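First the proteins, then the strands, lettered A, B, ... as listed; each starts at 1. Remember, it's a predicted structure, so these values are computed and weren't measured experimentally.
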Amino acid sequence: MIDIRLVREQPDLVKAALGRRGVDPSDIDELSALDERHRELLARQERLRARVKSLSREVGMARRGGDGARAAALAAESRAVGEEERAAAEETDRVAGELRGRLLVTPNIPADDAPDGASEAENVERSRWWPGQEEGRPEPVPEAHQRVPHFDVATELGILDMARGARMSGSMFPLYRADGARLLRALTSFALERHRDAYEEIRPPTMVLTETLTSTGHLPKFADEAYHIERDDLWAIPTAEVPLTSMYRGEILEEADLPLRLTAMTQCFRREAGAAGRDTRGLLRVHEFEKVELYAFTTPAQASDAFADIVERAEDLLRALGLPYRVLDLCTGDLGLSAARTFDLEVYAPGVDRWLEVSSVSWVRDYQARRASIRYRPAAGGPPQLVHTLNGSALAWSRIWAALVEWGRQPDGTVRLPDALAPWLGDPPVLTAR
RNA sequence: GGAGGGAUGGCAGAGCGGACAAAUGCGCGGCUCUUGAAAAGCCGUGGGGCUCCGGCCCCCGUGGGUUCGAAUCCCACUCCCUCCGCCA
């Protein structure tokens, strides 16, 4: 959530900032009006409440003083005021609920340096990398044997079985086999080991409460994108960001403990309701995939370093895997609801001839911390402050798997993988037919 | 799934209808004493909202209810602990 006080005190600033991402200024006016109405109602309710409390105290004193008649009269008056208060509270709650509902779907204020733009077409490419770039070699041109889509390579080798995955779960639920499954396992170990120096490894639950999914901003607005188990009212997580944010929900951290950095590999579940019919072949878009996430709770001052660190770690993995990639600075029109700034990392996959998003690193400022009430006690004293949260994938495996298989395909049809995976897949690491 | 116990501030733990944001201890911060430290003593120390800056209101797991008045009584739910059952 954005801070309602900012809306109250500097509505023009909020309108300008959110206008950059396409929010109608009248939405902000409505927020202001609801807020003002809410405060009026609250003040009225609290005056009544204070009256009830002071009358009740007098009842007690009168009774102890033996003045039964006076006590009865005061009690009657208090009861009347109490009824008035109950009615007032009902209206206050109604307006408060409406205000909260609006705030929950109001997007975050974009960072000043996030590029302006209306859609993904206006994202800005910040950098590009390919193997050998440091030695001055040109961008690689894929060979003919690398121009085979991963789903065909995988069928040849028997390492991915989408048809049988669909048999048990429906389409877009991949089933990896043999070396394909081993590759996935190797990637997770490879990444988690590399993050071990600074990030605590977590294995969180992957089914969460409604409140947990609301804290990150996925609810209420994007309920259609998530799987929901109705009987137990639990949601399948779309990313480890969701449980990790709630790890410290409602807590006050010590500044000395910040930045607090976590990493987690989890299954990620996405209904992809808005993309039905798109990218239905292979691994470009699936309902379930594995991803290693990096996460940080920081003070505001630590946030930009933490952001840079997550981006650097995602890039480091891609370089170690030898995959050509580019870094996109998302324009205001393409930012997710909670994000103030986001860098997407995309790898080029020669078989499908597409850039694939394999990481999205976001600085959320205090937007999720306010929803989740996660604060820190400043070392210098003073009241608790909201933390900043940052998250990023490093990395999402299904698309990495596809890119590795396409780039690594050799003329004989086997797949040569980067040496970085040798500890898990043999030296040299090669995927062969099942 | 069954039986029982529990949920209070950073932690431990009292409070069981009336000035309770809540004893006490620990922890933490400041001060005194001391060459310094320790010990001792004194003082302070939860969060949130609104405010005409005087204050006022809310928060004792969550949500309802009873009452003039609820941390305290009633109901429901959640979570934790112990035992039994079942189970990867």
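- Remark: the separation of the P atoms in U67(B) and U72(B) is 16 Å, to the nearest Å.
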Return all side-chain donor-acceptor pairs below 3.5 angstrom for residues 254-269 of chain A, not counting sequence neighbours, or 'none' if the list is empty.
unit_1	atom_1	unit_2	atom_2	d
Glu255(A)	OE1	Ala379(A)	N	2.7
Thr263(A)	OG1	Glu293(A)	O	2.9
Gln267(A)	NE2	Glu288(A)	OE2	2.6

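- C28(B) and G1(B): their P atoms are spaced 44 Å apart (whole Å).
- For the pair Leu48(A) CG and C68(B) P, the interatomic distance rounds to 17 Å; values are reported in whole Å.
- Separating the CZ atom of Arg64(A) from the P atom of G17(B) is a distance of 14 Å, rounded to the nearest angstrom.
- Every stem involving RNA chain B, taken as at least 3 paired positions in a row under the Watson-Crick or G-U wobble test at 3.5 Å, is listed here: B:1-7 with B:78-84, B:10-12 with B:24-26, B:27-32 with B:40-45, B:46-50 with B:55-59, B:61-65 with B:73-77.
- Taking atom CD of Glu77(A) as the reference point, atom P of U67(B) lies 18 Å away to the nearest angstrom.
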List, one per line, each side-chain donor-acceptor pair under 3.5 Å for residues 29-37 of chain A, sequence neighbours excluded.
unit_1	atom_1	unit_2	atom_2	d
Asp29(A)	OD1	Lys15(A)	NZ	2.7
Glu30(A)	OE1	Arg102(A)	NH1	2.7
Glu30(A)	OE1	Arg102(A)	NH2	3.4
Ser32(A)	OG	Ile28(A)	O	3.3
Asp35(A)	OD1	Arg8(A)	NH1	2.9
Asp35(A)	OD2	Arg8(A)	NH1	3.0
Arg37(A)	NH2	Glu91(A)	OE2	2.8

For residues 421-434 of chain A, run the donor-acceptor check on the side chains, cut-off 3.5 Å, and write out each pair with its distance to 0.1 Å, sequence neighbours left out.
unit_1	atom_1	unit_2	atom_2	d
Arg434(A)	NE	Gly158(A)	O	3.0

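- Whole-Å rounding puts the Glu83(A) CD to U66(B) P distance at 11 Å.
- The gap from the C1' atom of G5(B) to that of G9(B) amounts to 23 Å, rounded to the nearest Å.
- Comparing A37(B) with U24(B), their P atoms sit 29 Å apart, to the nearest whole Å.
- Rounded to a whole Å, the CD atom of Glu90(A) is 17 Å from the P atom of G63(B).
- Neither side chain, Thr389(A) nor Tyr367(A), offers a donor N or O lying under 3.5 Å from an acceptor on the other.
- G55(B) shows a glycosidic angle more than 90° from 0 and is accordingly assigned anti.
- For Asp233(A) and C77(B), the CG to P distance is 16 Å, given to the nearest whole Å.
- By the 4.5 Å heavy-atom criterion applied to side chains, Leu321(A) and Leu187(A) are counted as neighbours.
- In terms of position along RNA chain B, the nucleotide closest to Glu58(A) lies nearer the 5' end than the nucleotide closest to the other residue of the pair Ser78(A) and Glu58(A).
- Within the structure, side chain to side chain donor-acceptor pair (under 3.5 Å) contacts touching residues 183-193 of chain A (residues at least two apart or in different chains) are Thr188(A)-Trp397(A), Glu193(A)-Arg196(A).
- We find that CZ of Arg79(A) is positioned 14 Å from P of A70(B), with the value rounded to whole Å.
- Rounding to the nearest 0.5 angstrom, the gap separating the CG atom in Leu390(A) from the CH2 atom in Trp363(A) is 8.5 Å.
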Protein proximity profile, nucleotides 47-61 of chain B - base contact B, sugar-phosphate-only contact S, no contact -, cut-off 4.0 Å on heavy atoms: SSBSS----BBS---
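- There is no side-chain donor-acceptor pair under 3.5 Å between His150(A) and Trp401(A).
- C68(B) atom C1' lies 12 Å from atom CD of Glu85(A), rounded to whole Å.
- Going from the P atom of C26(B) to that of A39(B) covers 12 Å, rounded to whole Å.
- Between the side chains of Asp344(A) and Ser360(A), a donor-acceptor pair is found at a separation under 3.5 Å.
- With P as the reference atom, C80(B) and C42(B) are 43 Å apart, rounded to whole Å.
- No close placement of the Tyr376(A) and Phe297(A) rings is indicated, their centers lying 6.0 Å or farther apart.
- Between G85(B) and C16(B), the distance separating the two P atoms is 40 Å to the nearest Å.
- On the P atoms, G10(B) is 14 Å away from C60(B), given to the nearest whole Å.
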